[in-house]
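The next block holds one structure in the form of structure tokens; read it before the comments.
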Amino acid sequence: MNSSLNAARRSRELAEAGDLLMDVLVVGLGATGAGAALDAASRGLSVAAIDAHDLAFGTSRWSSKMIHGGLRYLAKGQVKVAHESAVERGLLLRHTAPHLVRAQPYLLPLTPAVSGGQAATVMTGYRLGDGLRMAARTPRRLLPGPARISAGRALSLAAPLSPNGLRGALLSWDGRLVDDARLVVALARTAASRGARILTRCRALELAGDGARVRDELTGSTFAIRARTVVNATGVWAAQLDPDIRMRPSRGTHLVLRPETLPGLRAGLHVPIPGESNRFALVLPQSDGRVYVGLTDEPVEGPVPDVPQAPEEDVAFLLDVLNSVLGVPLGRQDVAGTYAGLRPLLAAGGRTADLSREHALLTSGSGVVTVVGGKLTTYRRMAEDAVDRVVALGRLGAGGSRTARLPLIGAGAVQEAGAVPDRLRARYGSEAGAVRALMAEGPALAEPLPTGITRAELVWAVRHEGALDVDDLLDRRTRIGLVPEDRAAALPAARAALAY
């Protein structure tokens, strides 16, 4: 079946949805929900997946874009979570999304604030992390091992570091995504290619084990989707559909710096947070030249907002930590944008930073299976476990999960690779040639916008990636909107793409 998502397909499948009895209804189209739709559809089950907003509207687009091997969890004694993370990282690198996931080097600068004992402890942790890589059978060619490097080598990889008192750095490697929202789009489109009905702008008003009452947010009309089983994958909003669930979300804030702000930054940075033994701020150079700096872990009280905001105290905190290792300190004026996401943690005592990232499955009295907790790296395993549960509950007769070796849209070989820019290959994989061909249809389509995105890519997102409005285009299919000035500059092109 065609993998393209667009307004016409949505209208057609929406008109059919009320007349069908689905095997599985998935509510929520972040990474876990889209992953569950793919998992169920790949087992041959009929699937409808809905979201009140857009693909990757919630937490899945606000991550650090890291696909990490669980070293932090190993340090906390969460061996199962650490091993699961390493295994899932390896699957993404090797099988499911090698076009979207790459190895990224990170430096921990050995400044006067990092003692010799601390450095030895961290290096031991890095070596244990390399042991997780080996246990997960991820080849070293895809993920090199850790090393201690000289101050000169550190400055060649991260020129903005202060040379004063720098005695070198600890070099480690981990996985990183070119874009977390693009991963979700690939998951949803791959599910659609297996027959799943992917319906955005459809809000679940009421949820039960046999389906949901749904409102089309574009027209206001309400209808029912009947299903044999239901998965609630709405993350931090899960309790809104099942009041018996108790969540304790935490906020992770990131700064967005323009490309010229930290010139010569070729590696990411792990910057120790003062007073913490196992927490670091992350400095994350992006493929578009921007740099993300994160992240906080602060509890959030009260109603869960659709789009979290980064408070100024988070911005000040991250700037202070970053400036502790820079030769030329940055000020608030150097921050071009910010974003914040909410982690879907189950309620428990203690600091949110110390709560387990292990996911959980909860079954309501009516039979709705809710999947919460976890993290972006382990979305596939979370989805597999959720579908396993509903298959058993609904006696659906499906086999086991097939997604560990199932390539996502774009994971194949790039045709005529030499003629396709690296930037397109990193974002579209095997579809890069088709995007390049669309750019060749006219000079206007090849015109670059902020971050290098072309007008053709906006048109591609409308035709094939389910984008329905300018917010979808600028804030999720591309990340132009992370910097308000860039968003304003690209707005006319986004409006034109919707009518192209």
Side-chain angles (χ1 to χ4, degrees), residues 5-30 32-34 36-37 40-41 45-60 184 188 191-192 195-245 247 303-307 344 362-372 386-387 390 393-394 396 462 465-472 475-476 498:
L5 297 175
N6 49 51
R9 179 170 181 168
R10 177 189 180 275
S11 296
R12 182 175 68 252
E13 294 187 340
L14 193 60
E16 301 169 348
D19 299 326
L20 301 172
L21 175 63
M22 311 305 299
D23 290 323
V24 183
L25 168 63
V26 179
V27 183
L29 281 167
T32 303
L45 299 172
S46 59
V47 178
I50 64 174
D51 195 284
H53 299 286
D54 181 31
L55 305 176
F57 181 85
T59 302
S60 292
V184 178
R197 289 167 168 80
I198 306 297
L199 302 173
T200 58
R201 300 327 196 274
C202 288
R203 181 182 298 275
L205 301 175
E206 295 176 6
L207 205 58
D210 59 356
R213 188 165 68 89
V214 177
R215 182 174 66 221
D216 180 352
E217 297 290 72
L218 298 184
T219 66
S221 63
T222 61
F223 58 98
I225 296 180
R226 297 179 300 128
R228 294 183 175 90
T229 62
V230 177
V231 175
N232 176 8
T234 54
V236 290
W237 297 276
Q240 296 180 8
L241 294 173
D242 184 348
D244 291 334
I245 295 173
M247 303 294 295
V304 177
D306 281 348
V307 180
L362 309 172
T363 304
S364 73
S366 71
V368 175
V369 172
T370 296
V371 54
V372 290
V387 176
V390 297
L393 285 174
L396 299 181
V462 173
E465 296 180 345
L468 300 179
D469 63 20
V470 295
D471 293 343
D472 294 355
D475 300 334
R476 289 171 288 277
L498 292 168

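Since the model is a prediction, treat every value here as computed from it, not as a measurement. Values reported hereafter were calculated over all heavy atoms of this structure, with side chains retained and with hydrogens, waters and symmetry mates removed. Each residue takes its place number in the sequence, starting with 1.
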Does the side chain to side chain contact (heavy atoms under 4.5 Å, CB included) test come out yes or no for Leu5 and Thr200, once each step is laid out?
CA-CA 10 Å; Leu5 297 175; Thr200 58; over 6 Å; no

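- The two atoms that bring Ala227 and Leu21 nearest to each other are N-CD1, 3.7 Å, heavy atoms only.
- Here the shortest heavy-atom pairing between Arg215 and Leu205 reads NH1-CD2, 3.6 Å.
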Verify side chain to side chain contact (heavy atoms under 4.5 Å, CB included) between Leu29 and Val184, making sure each step is shown before the conclusion.
CA-CA 8 Å; Leu29 281 167; Val184 178; 5.6 Å; no

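- Across all non-hydrogen atoms, the minimal contact from Ile198 to Ala191 is CD1-CB, 4.3 Å.
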Show, in sequence, the C-alpha distance, side-chain angles and deciding distance for Glu16 and Asp19, and conclude whether the side chain to side chain contact (heavy atoms under 4.5 Å, CB included) test is met.
CA-CA 6 Å; Glu16 301 169 348; Asp19 299 326; 5.7 Å; no

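- The closest side-chain heavy-atom distance from Leu199 to Glu13 is below 4.5 Å.
- Here the shortest heavy-atom pairing between Ala208 and Val230 reads O-CG2, 3.2 Å.
- Every residue two or more places apart in sequence or in another chain that forms a side chain to side chain contact (heavy atoms under 4.5 Å, CB included) with Ala239 is listed here: Ile245, Met247.
- Heavy-atom minimum distance, Leu55 versus Ala188: CD2-CB, 3.8 Å.
- The salt bridge (Lys or Arg N to Asp or Glu O under 4.0 Å) test applied to Asp23 returns Arg228, not counting sequence neighbours.
- Remark: Asp306 engages His53, Phe57, Trp237 in a side chain to side chain contact (heavy atoms under 4.5 Å, CB included) (not counting sequence neighbours).
- Considering only residues two or more places apart in sequence or on other chains, Arg226 meets the side chain to side chain donor-acceptor pair (under 3.5 Å) condition with none of them.
- Looking at every heavy atom in both residues, Leu14 comes nearest to Cys202 through CD1-SG, 3.5 Å.
- Between Arg203 atom CZ and Asp216 atom CG the span is 11.5 Å, to the nearest 0.5 Å.
- Qualifying side chain to side chain contact (heavy atoms under 4.5 Å, CB included) partners for Arg201, counting only residues two or more places apart in sequence or in other chains: Arg10, Asp54, Glu217, Leu218, Leu468, Asp469, Asp472.
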Would you tabulate the side-chain donor-acceptor contacts of residues 362-372 under 3.5 Å, counting partners in other chains and residues two or more places apart, or write 'none'?
from, atom 1, to, atom 2, distance (Å)
Thr363, OG1, Arg389, NH1, 2.9
Ser364, OG, Ser366, N, 3.4
Ser364, OG, Ser366, OG, 3.2
Ser364, OG, Gly367, N, 3.3
Ser364, OG, Val368, N, 3.0
Ser366, OG, Gly209, N, 3.3
Thr370, OG1, Asn232, ND2, 3.2

Intermediate values then yes/no, side chain to side chain contact (heavy atoms under 4.5 Å, CB included), Leu207 and Asp242
CA-CA 8 Å; Leu207 205 58; Asp242 184 348; over 6 Å; no

